[in-house]
K.L.:
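Take this structure, written in structure tokens, and hold onto it; I'll ask about it next.
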Amino acid sequence: MSPAGDDFASRVVAVVETIPPGRVMTYGSVAAAIGSRSSRGVGQVMAWAGSDLPWWRVVRASGLPPERHEQRALEHYRVEGTPLRQGRTGVLRVDLERAAWSP
DNA sequence: TGGGTGACTAAGT
DNA sequence: CACTTAGCCACCC
């Protein structure tokens, strides 16, 4: 049994909690922040503990929120004033150039 | 120990 | 910029 706060999941949660409103991190950046390259691992933690976290502040490298959750995320972006950009197909995504954040 | 899964990413078309 | 394909890595049988 590993010490609490020392496992992969706990590290991911700790990083996500530091993201301020209006800013975002990509799955890959969160992984890098804890010395890992497992963006998918971060996704698995979010699926397990996302409901207790500002999950909308963690997006894909393309600036898109997790699949099936785009609508819910968009409402938070509107409230927090997160910088957005519109893609060629009309899809709204986070402007990583302006919203990217690192702990 | 081995194989499948997924809230991903980078590179090519 | 959008779509496809192969690669990665933590987690769970």
Side-chain angles (χ1 to χ4, degrees):
Chain A
M1 162 91 176
S2 329
D6 211 19
D7 52 287
F8 184 81
S10 296
R11 288 173 190 248
V12 169
V13 170
V15 171
V16 173
E17 286 177 333
T18 71
I19 309 176
R23 310 300 296 280
V24 301
M25 279 182 83
T26 65
Y27 290 91
S29 296
V30 173
I34 63 178
S36 171
R37 292 193 289 92
S38 180
S39 49
R40 306 189 74 144
V42 173
Q44 290 206 116
V45 173
M46 294 301 286
W48 174 73
S51 38
D52 296 315
L53 294 167
W55 57 265
W56 58 92
R57 294 177 194 155
V58 181
V59 300
R60 306 189 228 175
S62 57
L64 242 77
E67 183 139 4
R68 292 300 195 290
H69 298 265
E70 301 91 339
Q71 202 56 53
R72 229 74 54 76
L74 234 35
E75 295 182 16
H76 284 289
Y77 299 149
R78 196 162 76 80
V79 173
E80 298 186 353
T82 308
L84 303 175
R85 286 196 79 157
Q86 191 170 44
R88 188 72 174 48
T89 58
V91 180
L92 226 46
R93 30 198 249 188
V94 174
D95 184 351
L96 292 174
E97 291 284 311
R98 296 199 280 160
W101 191 84
S102 48

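For clarity, every value in this text was computed on a predicted model and none was experimentally measured. Sequence lines set the chain letters: A, B, ... in the order given, protein chains first and strands last, and positions in each chain run from 1.
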K.L.:
Identify whether any heavy atom of A:Arg93 sits under 4.0 Å from a base atom; if not, whether one sits that close to sugar-phosphate; answer base, sugar-phosphate or nothing.
P.N.:
sugar-phosphate

K.L.:
Look at the side chain of A:Gln44 against the base of C:dA10 and say whether a donor-acceptor pair falls under 3.5 Å; ignore hydrogens and angles.
P.N.:
yes

K.L.:
Rounding to an integer number of Å, can you tell me how far A:Arg85 CZ sits from C:dA2 P?
P.N.:
11 Å

K.L.:
For a quick check of understanding: with a heavy-atom distance under 4.0 Å over all strands, which category does A:Ala61 fall into, base, sugar-phosphate or nothing?
P.N.:
sugar-phosphate

K.L.:
A:Trp55 CH2 to B:dC8 P: how many Å, rounded?
P.N.:
12 Å

K.L.:
So, does A:Thr89 get its side chain near the phosphate of C:dA2, meaning an N or O under 4.0 Å from OP1 or OP2?
P.N.:
yes

K.L.:
Could you tell me the separation between the CH2 atom of A:Trp48 and the P atom of B:dG6, rounded to a whole number of Å?
P.N.:
19 Å

K.L.:
Please step through side chain to side chain contact (heavy atoms under 4.5 Å, CB included) for the pair A:Trp56 and A:Glu75, ending with a clear verdict.
P.N.:
CA-CA 10 Å; A:Trp56 58 92; A:Glu75 295 182 16; over 6 Å; no

K.L.:
Please classify the nucleic acid contact of A:Gly50 as base, sugar-phosphate, or nothing, using heavy-atom distances under 4.0 Å.
P.N.:
base

K.L.:
Among B:dC8, C:dC11, C:dA2, which nucleotide sits nearest the side chain of A:Phe8?
P.N.:
C:dC11

K.L.:
Short question: side chain of A:Glu70, backbone of A:Arg68 - any donor-acceptor pair under 3.5 Å?
P.N.:
yes

K.L.:
Taking atom types as they are modelled, would you say the side chain of A:Arg88 forms a donor-acceptor pair with the base of C:dC1 within the 3.5 Å cutoff?
P.N.:
no

K.L.:
Round to the nearest Å and state the distance from A:Arg40 atom CZ to B:dA10 atom P.
P.N.:
13 Å

K.L.:
Run the salt-bridge test on A:Arg85 and A:Glu97 with the 4.0 Å N-O cut-off and return the result as yes or no.
P.N.:
no

K.L.:
Side chain of A:Arg60: nearest nucleotide among B:dC8, C:dA2, B:dA7?
P.N.:
B:dC8

K.L.:
To the nearest Å, how far apart are A:Arg11 CZ and C:dA10 P?
P.N.:
12 Å

K.L.:
What contact category does A:Ser62 fall into here, base, sugar-phosphate, or nothing, at under 4.0 angstrom with non-hydrogen atoms?
P.N.:
nothing

K.L.:
Please report, rounded to the nearest Å, how far the C1' atom of B:dA7 is from the CG atom of A:Asp52.
P.N.:
15 Å

K.L.:
Just how far, in rounded Å, is C1' of B:dT9 from CD of A:Glu67?
P.N.:
15 Å

K.L.:
Please report the shortest heavy-atom distance between A:Arg57 and A:Pro20, naming the atom on each side.
P.N.:
CD-O, 3.7 Å

K.L.:
Can you tell me how far P of B:dC8 sits from CG of A:Leu96, to the nearest Å?
P.N.:
14 Å

K.L.:
Quick check on A:Trp48: does its CH2 atom have over 12 non-hydrogen neighbours (other residues, nucleotides or ligands) under 6.0 Å away?
P.N.:
no

K.L.:
Taking the minimum atom-to-atom distance to the side chain of A:Thr26, which one of B:dG6, B:dT9, C:dA2 wins?
P.N.:
B:dT9

